[in-house]
Amino acid sequence: MSDQQNSDSVKAPAEAVDDLSIDEAQEGYGPLTILYQDEYLVAVNKPSGLFVHRSFMDKHETQFALQMVRDQVGQYVYPLHRLDRPTSGVLLFALDADTARLMGQAFTDKFIKKTYLAICRGHLSGQGEIDHPLKEKLDKLGDKYVDPNKEPQHAITDYQALAHVTLPYAVGKYPSVRYSLVKLFPHTGRRHQIRRHLAHLRHPIIGDVNYGDNKQNPFFAEHFGYRRLMLHAYQVGFTHPHTNQLLSITAPLDNQWQDLFSQFHWSLRPSVGNLIS
């Protein structure tokens with residue numbers, strides 16, 4: 001979904017090394033939840049902590065979404081985009097090369113609509129557009145031949161604040177902690193775009209070890225017991241490349257998200273996909 005190509009594609013650099021410090025990986029993920037499947041496409045709900053595919057950082061990993069989906073559907077699959085290791089949610093695969101090509105073009109042409117949910121620090125109110133260029137994030141190994149002095153890339157994310165909570169716990173110099181539930185719509189696909197854009201607004205995502213709050217993250221892990229990135233690829237919408245059917249695939253929130261919703265007195269109406277406070 002970049003100006004020239006889909007920078008979320010599997011050809012993009014692997015997840016940042018810093019993400020590996022997140023103590024979120026599970027000992028065996030079991031079968032992935034299939035959200036949608038037909039003869040051309042399959043979508044799964046990727047858990048936080050699971051790599052999409054093998055990378056140079058996976059020396060001790062034994063499970064990868066690509067291999068797991070392949071084994072579950074019993075055939076070769078083509079990953080259509082990527083999610084960072086700590087991000088959960090909708091992950092799309094094609095079941096043949098032609099569908100992969102057509103969907104790849106749809107990503108490039110920005111015909112794929114992605115909706116994310118995030119829990120961030122502070123009270124972010126209202127809605128708006130984050131138009132903030134981002135310098136390309138490079139991997140030391142995977143991008144060693146890429147010019148490190150490239151100009152920042154155009155990047156836009158729309159956001160809508162959905163709910164807030166204030167809790168009576170002192171963290172750092174503040175007498176209470178405040179969190180916001182935010183719905184986000186990226187229009188470009190820069191690496192770590194949502195995470196960096198919210199950090200730019202000074203509302204970093206909870207659990208973000210690269211761009212987050214080094215006081216809030218330990219508090220959140222200790223108090224709530226969840227040491228993970230609170231970013232979820234909630235919904236992906238697109239026109240089916242063969243049937244022309246409009247599809248909207250939603251990934252339900254996992255038990256940790258639902259527990260936090262309960263503690264924060266937030267609620268989700270899954271029938272219409274709307275979040276309310």
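Here the structure is a predicted model, which means the values were calculated and not measured.
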Which pairs, with at least one residue in residues 231-246 and sequence neighbours excluded, count as a salt bridge (charged side-chain N to carboxylate O under 4.0 Å, His left out)?
none

Check which hydrophobic residues are tied to Y76 through side-chain heavy-atom contacts below 4.5 Å, counting indirect links as well, and list them.
Y78

Please report the interatomic distance CG(D213) to CG(D208), rounded to the nearest 0.5 Å.
10.5 Å

How about H53 and F64: are their ring centroids closer than 6.0 Å?
no

Any pair with a residue in residues 167-178 that passes salt bridge (charged side-chain N to carboxylate O under 4.0 Å, His left out), sequence neighbours left out, goes on the list, sorted by first then second residue, please.
none

Using the rule given for salt bridge (charged side-chain N to carboxylate O under 4.0 Å, His left out), can you reason through D84 versus R191, listing the C-alpha separation, both sets of side-chain angles and the distance that settles it, and then say yes or no?
CA-CA 9 Å; D84 292 332; R191 190 170 179 222; 5.2 Å; no

ILVMFWY cluster, Y234 and L162 together (side-chain gap under 4.5 Å)
yes

For H232 and Y116, run ring-ring contact (aromatic ring centres under 6.0 Å, His included): C-alpha distance rounded to whole Å, both residues' side-chain angles, the deciding distance at 0.1 Å, then the answer.
CA-CA 6 Å; H232 182 70; Y116 288 77; 8.6 Å; no

Can you find a side-chain donor-acceptor pair between H240 and D38 that sits under 3.5 Å?
yes

Close side-chain approach of T157 and H187, heavy atoms under 4.5 Å:
no

Measure the acute angle between the ring planes of W266 and F261, then classify it against the limits of 30° and 60° as parallel, tilted or perpendicular.
perpendicular

List the steps and the verdict of salt bridge (charged side-chain N to carboxylate O under 4.0 Å, His left out) for D254 and R228.
CA-CA 12 Å; D254 62 38; R228 57 173 287 186; 2.8 Å; yes

Mind checking the CZ-OG1 spacing from F93 to T99? Nearest 0.5 Å is all I need.
14.5 Å

Passing option when L117 is tested against L253, V182, L231 for side chain to side chain contact (heavy atoms under 4.5 Å, CB included):
L253

Hey, are T188 and Q193 close enough side-chain-wise for a donor-acceptor pair under 3.5 Å?
yes

Distance-only side-chain donor-acceptor flag, E129 / Y159, under 3.5 Å
no

Just so I know, are the side chains of L229 and I205 near enough to count as touching, which here means a heavy-atom distance under 4.5 Å?
yes

Is it true that D109 and Q105 share a donor-acceptor pair across their side chains at a distance under 3.5 Å?
yes

Minimum heavy-atom distance I206-R121, with the two atoms named
CD1-N, 4.1 Å

